Number of protein chains: 2
Amino acid sequence: MKEVARLAGVSTMTVSRALTSPGRLSEQTLRRVREVIDRIGYVPNRVAGNLSSDRTTLVALIVPNLRNAILAETIKGINDVLFKHDFQLMISDCANSPVIEEKLVRTYLAQQVCGIILHNTMHTPGTKTVLRAAGIPCVETGNLIASPLDMIVSYSNSAAGSAMARHFAERGYRRPGLITLKIRDRERIRAARRGFLAGLRTAGLSIDRNAILEVDAGLESAGKGMAQLLEAAPRTDAVYLVGDVLAAGALFECQRRGLRVPDDIALASSDDSEWLANLIPAMTTVRYPRYEIGVQAAQAIVDSALGRRHPLRLDLGFEILQRQST
Amino acid sequence: MKEVARLAGVSTMTVSRALTSPGRLSEQTLRRVREVIDRIGYVPNRVAGNLSSDRTTLVALIVPNLRNAILAETIKGINDVLFKHDFQLMISDCANSPVIEEKLVRTYLAQQVCGIILHNTMHTPGTKTVLRAAGIPCVETGNLIASPLDMIVSYSNSAAGSAMARHFAERGYRRPGLITLKIRDRERIRAARRGFLAGLRTAGLSIDRNAILEVDAGLESAGKGMAQLLEAAPRTDAVYLVGDVLAAGALFECQRRGLRVPDDIALASSDDSEWLANLIPAMTTVRYPRYEIGVQAAQAIVDSALGRRHPLRLDLGFEILQRQST
DNA sequence: TTGTATGCGTTATCAA
DNA sequence: TTGATAACGCATACAA
C-alpha cells in the first residue's frame with residue numbers, strides 16, 4: 001500500500017479509501033490510484049485490514065457430515081448470498097460430535113469470524129459459553145428448536161413427522177413402520193421420530209415395537225434395515241424412512257424381494273431429492289426449502305455484520321409431496 | 001493476551017509461547033499460564049497472529065459447482081486432512097466461470113491463504129499471473145492436464161474415456177453413443193469426450209454424429225437427452241454418460257420407454273456413486289479415488305505450508321467397474 | 001477531499 | 001527459560 005501511495009503521489013490513507021470507500025475520493029485521485037493498483041498488481045492484505053478495523057467478512061459453517069448430499073443445497077444458498085456481499089465462507093465437518101463442534105467453534109472465534117452457522121442444534125456447554133462471550137451472530141439451521149442459541153432458520157422436523165403420520169392414516173395404512181438414522185446426538189432425527197409417533201397416536205394408529213429401527217447411513221445399510229423390519233414385523237404396510245438416502249435403499253431392497261411398492265408396502269422419505277422424485281415408483285417425501293434456508297441463514301449473518309442485527313426465528317415450513325410410493 | 005500475562009505474572013511473549021511452542025517453557029510456567037487461559041476463557045486472536053507471523057493456516061478451495069454431489073467426497077478428504085493439522089478450509093463456487101474463479105482467487109490471496117485448491121483446470125491469464133506472483137502452493141484436482149499451474153492431483157479423464165470405449169468394444173457393442181454435460185469451460189468433460197472418441201477409433205468403432213449430445217445438468221435433462229438420442233440415432237446400442245447423475249436420468253428414461261438395459265441398450269457412467277451401484281440394473285461406471293484426491297491435495301498444501309514443498313504430479317488412476325448395465 | 005498520528009494483538013528478534 | 005522492543009499492513013480518529 002505504501003508503494004501504491006508513493007507511485008500515485010498520495011498518502012496510504014487515500015489508497016485505503018480507494019479500496020474501501022471510493023465515493024469519498026475525487027474522481028481523478030481515484031483514477032490515479034486505481035491505475036497504479038492495476039499496473040503493479042497490488043493485492044491488499046485483508047488480514048492487516050481486519051486487525052485494524054476489528055471486523056472480518058468471514059463466516060463459519062459447521063455441518064454434521066460433509067458427505068450428506070442433502071446439505072449441498074443449503075451450502076449453495078449460503079455461498080451465493082455470501083458471494084454477493086463479498087463475504088467468505090469457512091466450512092467444516094464436526095462428524096456429528098458436539099465436542100468436535102466446540103473445538104471448531106473456538107478455532108473460528110480465534111479467526112475472528114463475523115458470524116457462525118451451525119447445522120446441529122445440540123451443543124456442549126462450552127460451545128454455548130464461548131459463543132455467548134464472543135457476542136457474534138449465530139444461526140442454527142438443522143431443526144426448529146424451542147431455545148436456539150441466537151437466531152434460527154429452519155423447519156420443524158417433528159411437525160413433518162406428524163404430517164407424515166397423518167398422511168399414512170389418510171391413505172389408509174394401518175400398520176406403520178419407522179426406520180431412522182441412529183439417533184444419538186442427532187436432534188433432528190429424534191424430533192422427526194417423536195413427531196411421527198405422536199402423529200400416529202393422534203390418528204389412532206399404533207405401531208409395533210419391532211417396526212421401529214435405527215440404522216447406519218447409506219443405501220446398503222438402509223436395505224439391510226428394511227430386510228430386518230420385514231422379518232420382524234412382516235405385516236407392516238407403510239414405512240417412514242428418516243435420513244438421507246434411506247428411502248431409496250429401502251425401495252431397492254423391496255424390489256430385490258419382489259415386493260410391489262406401494263401395493264405390498266408403502267414407503268416415504270424425510271428428505272426430498274431429485275433422485276427420489278425419479279425413482280420408479282417415485283417416492284413420497286417431505287420437501288423443505290433447503291436452498292432458502294441457506295440463503296436466509298447467510299443473510300441473517302450478513303445483516304448482523306452490517307449493523308442490522310435483529311432477533312430471528314424463521315420457520316420456512318415444509319410440505320408432503322405425495323408421489324407413487326404411498 | 002496482556003490480561004493473561006498480567007494474571008499469570010509473565011510477559012505476553014511467554015503467553016504466546018505457551019500457545020505456539022509450549023515445549024520451550026518450563027513446566028510450572030506453562031501450567032500457570034494455561035490455568036489463567038482456562039479460567040478467564042481467553043481466545044487468542046489469530047488475525048493478529050497471522051499478521052505478525054506473516055503465515056496463516058487458511059486453505060482455499062474453489063469448486064465449479066457446490067451442488068455436484070461427486071465433489072462431496074473430495075471435499076470431505078480435504079476437510080479431514082486440514083482438520084488433523086489445524087488448518088481451516090475456505091470454500092466457494094465459481095459457477096464454472098473462469099472470471100469468477102479469478103475474482104475468488106484474488107479475494108483468497110487478499111485473505112493471505114497459505115494455499116489454494118482449484119478443481120477446474122481452465123483459468124484466465126489473470127488467475128495465472130496473480131497466483132504466480134503470490135507464490136503460494138496451488139493444487140489442481142479436476143483433470144490430469146499436461147501443464148498445471150503448480151501441483152496436480154487427479155486422474156486422467158481422457159484415459160477413462162478411452163477405457164470406456166474399449167470396454168464397449170470388448171462387450172460387443174457396435175453403435176456407441178455419447179451424452180455429456182455442456183462442454184463450454186469444462187476441461188474435464190472435453191477430455192472425457194476426446195478420450196472416448198479416440199478410444200472408439202482405436203477399437204475400430206465409428207460413432208454416428210447424431211449419437212453425440214450435450215445436455216444440461218440434472219436427472220430430467222439427462223432423460224430428455226436420452227430420449228432425443230434414441231430418436232436421432234435409434235440403432236445405438238451403448239451410451240456413455242459423462243457427468244454427475246446423467247446415467248441415472250438416462251436409465252430412468254429407458255425404463256419409462258420399456259427398454260431393457262442392457263439388452264436393448266447398454267449404459268455406462270463417468271462417475272461412480274452409491275446410487276449408481278444400487279440401481280436396477282446396477283450401473284457400469286468409472287471409479288476414481290475421490291476421497292483420496294482430496295486427501296492428497298490437502299496434504300500437498302499442508303506440506304508446502306510447513307516448509308516441505310516439493311513438485312507434485314499425482315495420477316491416482318481409475319478403474320472401470322463393470323456392472324449389469326453393460 | 002486529503003493527510004497525520006496512532007493503534008489493532010500478536011510474533012520475530014535479540015538480549016539477558 | 002524468559003523478557004523488552006519493534007514490527008506486521010492496514011483503518012480509525014481527528015485535523016487541515
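Just so it is clear: chains get the letters A, B, ... in the order the sequence lines come, proteins before strands, and each one is counted from 1. Everything numeric in this text was worked out from a predicted model, so none of it was measured.
Among the protein residues, A:V10 comes within range of the sugar-phosphate backbone only, with heavy atoms under 4.0 Å from sugar or phosphate atoms but none that close to a base. No engagement by B:D54 is indicated, since no non-hydrogen atom pair under 4.0 Å with the nucleic acid exists.
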task: Show your reasoning for whether side-chain hydrogen bond (donor to acceptor under 3.5 Å, both in side chains) applies to A:N120 and A:R186.
output: CA-CA 8 Å; A:N120 279 348; A:R186 290 185 171 95; over 6 Å; no
- prompt: Should B:E102 and B:H123 be marked as a side-chain contact (heavy atoms from CB on, under 4.5 Å) after you check the CA-CA gap, both sets of side-chain angles, and the distance that decides it?
  reply: CA-CA 8 Å; B:E102 177 177 341; B:H123 316 289; over 6 Å; no
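Across C:dT10, D:dT1, C:dG9, the shortest atom-to-atom separation from the side chain of B:L51 is found for C:dG9.
With hydrogens and angles left out, the side-chain atoms of A:Y108 and A:S92 include a donor and acceptor closer than 3.5 Å. Side-chain contact check for B:N157 and B:N143: at least one donor-acceptor pair (N or O, by modelled atom type) lies under 3.5 Å.
Remark: P of C:dT13 and CZ of B:R24 are 11 Å apart, rounded to the nearest angstrom. Protein atom CZ of A:R6 is 20 Å distant from nucleotide atom P of C:dT2, rounded to whole Å. In this structure, the CD atom of A:Q111 is 14 Å from the C1' atom of C:dG9, given to the nearest Å. The distance from atom CD of A:Q28 to atom C1' of C:dT2 is 12 Å, rounded to the nearest whole Å. As a whole-Å value, the separation of B:K2 NZ from C:dT11 C1' is 14 Å.
Inter-axis angle, ends of the helix from C:dT1-D:dA16 to C:dA16-D:dT1, five pairs per end, rounded to 10 degrees: 20°.
Of all non-hydrogen atoms in A:A48 and A:N45, the two that sit nearest each other are N-OD1, 3.1 Å. Shown here for A:L181 and A:I189, the closest heavy-atom pair between the two residues is O-CG2, 3.6 Å.
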task: Let me have a per-nucleotide readout for nucleotides 11-16 of chain D, 5' to 3', with B, S or -, counting only protein heavy atoms under 4.0 Å.
output: BBB---
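Partners of A:R6 by side-chain contact (heavy atoms from CB on, under 4.5 Å), not counting sequence neighbours, listed by chain and number: A:E3.
Distances shorter than 4.0 Å separate none of the side-chain N or O atoms of B:T29 from OP1 or OP2 on D:dT1. Listed pair B:Y42 / C:dT10 meets the phosphate criterion, a side-chain N or O lying under 4.0 Å from OP1 or OP2. Contact between the side-chain N/O atoms of A:S26 and the OP1/OP2 oxygens of C:dT1 is not found at any separation under 4.0 Å.
Between the side chain of A:D303 and the backbone N or O of A:R308, no donor-acceptor pair lies under 3.5 Å.
Checked options B:N79, B:T56, B:T57; the residue passing with B:Q88 is B:T57 (criterion: side-chain hydrogen bond (donor to acceptor under 3.5 Å, both in side chains)).
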